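Reviewing the structure listed below.
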Amino acid sequence: MSLNTTPNNNNNNKIAFFSTQPYDKAFFNKHNIEFGFELDFFETQLNPQTVILIENATIVCVFVNDIVNETVIKQLAEKGVKIIALRCAGFNNVDLEAAKKYNVKVCRVPAYSPQAVAEHAIAMILTLNRKTHKAYNRVREQNFSLNGLLGFDLFGKTIGIIGTGNIGKAFAKIALGFGCKVLAYDIVTNPEMEKDGVKFVSIEEIFKSSDIISLHCPLNEQTKHIINKKSIDEMKDSVMIINTSRGGLIETSSVIEGLKEGKIGYLGIDVYEQEEKLFFRDLSADIIQDDAIQRLMSFPNVLVTAHQAFFTNEALTQIALVTFNNIKSLLTHNDIENKAALLV
Ligand code: NAD
């Protein structure tokens with residue numbers, strides 16, 4: 001049965017967007033020309049207090065830090081919302097069981113530009129290693145000294161990848177191009193990657209043998225705090241850890257200890273456990289209450305970016321198109337051809 005009473009007229013279907021930034025509005029408005037939905041944009045996060053803002057929308061579109069727990073889903077269902085459309089790949093912030101219970105469909109954008117995230121992970125590695133951010137500032141102040149900028153060749157180094165889905169695979173290809181030895185751990189091995197030269201090993205082997213570890217698995221019960229005191233102890237001295245996946249993969253207190261002891265030589269994070277209180281906002285005039293992020297940012301060998309790995313023109317275009325197509329497909333067929341896009 002179709003979810004829509006008038007499947008060919010998308011104007012009757014209002015989408016309420018939460019956590020929207022100017023670029024979201026620009027890309028979704030641009031691509032809505034071919035879909036004709038009614039769009040309502042809210043800058044605020046979706047949470048139990050903000051559900052009330054929704055007026056006559058049958059669809060909500062949410063992002064990584066929106067709170068989509070049972071309380072919210074129950075209220076959404078009571079308001080007549082039939083679809084929760086995630087405009088991202090990760091869905092750890094959505095209670096899928098509650099969505100089933102309240103008969104609300106949930107869809108996502110499984111792969112919009114894996115290259116965008118993989119390339120950002122590489123950018124973090126190169127920045128941390130060759131310290132281009134420091135060189136840039138130095139030279140602008142007419143300081144042409146090289147002291148403190150010493151890096152290492154990536155060629156020949158061992159890179160360990162945890163999670164070899166769309167992003168991990170794209171990342172592996174680039175790492176192989178640099179002439180690195182690429183190890184990978186996933187719950188399923190990928191024969192195509194093995195043919196390309198990636199060696200699938202145990203998680204312990206990743207920790208033990210990698211000069212650089214890059215996280216590309218989803219956040220779930222098995223992967224929460226996969227980087228913790230015990231796993232850090234197993235790693236090589238001066239290891240580089242890169243996380244462009246989800247903040248909860250890293251136990252923040254343990255990496256702070258590892259950095260203080262010098263066990264971790266470099267840390268690059270595009271995601272952070274408590275990021276929903278910080279990221280996507282200009283807090284430059286505020287007093288940050290989160291001491292852990294302040295401590296992390298105080299290390300000279302830590303690079304923090306604010307969840308920007310996905311942020312390319314190509315990715316935002318794909319996100320808008322796939323999100324609208326998911327919604328259209330659910331409204332007309334109550335299904336989505338790409339099974340990975342439909343969560344409930
Ligand atoms: P994907 O679903 O294609 O791949 C995830 C891989 O992780 C799969 O191969 C899966 O088998 C593996 N996996 C699952 N459980 C595992 C476990 N316990 N141990 C090891 N591997 C496990 O997802 P993707 O598109 O490659 O995205 C990966 C993650 O990147 C997403 O979950 C999301 O959180 C994150 N992401 C971040 C950004 C950003 O802007 N920083 C953008 C997109 C995605």
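Here the structure is a predicted model, which is why all the values come from computation and not from measurement. When a ligand or atom number is given, it counts from 1 through the structure's own listing order.
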Problem - Any non-hydrogen protein atom less than 4.0 Å away from atom 11 (O) of ligand 1 - result: yes
Handout entry: Parallel, tilted or perpendicular: rings of Phe310 and Phe280 (30°, 60°)
Key = perpendicular
Handout entry: Contact atoms of ligand 1, heavy-atom distance to Tyr112 under 4.0 Å
Key = 42 (C), 43 (C)
Practice task
Answer yes or no: does an N/O atom from Asn166 fall short of 3.5 Å to an N/O atom of ligand 1?
Solution key: yes
Handout entry: Test of proximity, Ile167 against ligand 1: N or O pairs below 3.5 Å
Key = yes
Problem - Of the listed options Cys217, Ala170, Pro218, closest to atom 14 (C) of ligand 1 (non-hydrogen atoms) - result: Pro218
Problem - Pair Phe28 + Phe41: ring centers closer than 6.0 Å - result: no
Exercise for the section: For atom 4 (O) of ligand 1, grab the closest protein heavy atom and report residue, atom and distance to one decimal in Å. Expected result: Gly165 CA, 3.2 Å
Exercise for the section: Go through ligand 1 atom by atom and flag the ones less than 4.0 Å from a non-hydrogen atom of Asp270. Expected result: 39 (C), 40 (O), 41 (N)
Exercise for the section: Can you see which heavy atom on Ile250 is nearest to which on Ile241, and at what distance? Expected result: CD1-CG2, 4.3 Å
Handout entry: Test of proximity, Thr223 against ligand 1: N or O pairs below 3.5 Å
Key = no
Practice task
Give me the ring orientation class for Phe324 and Phe17: parallel if the planes are under 30° apart, tilted from 30 to 60°, perpendicular past 60°.
Solution key: perpendicular
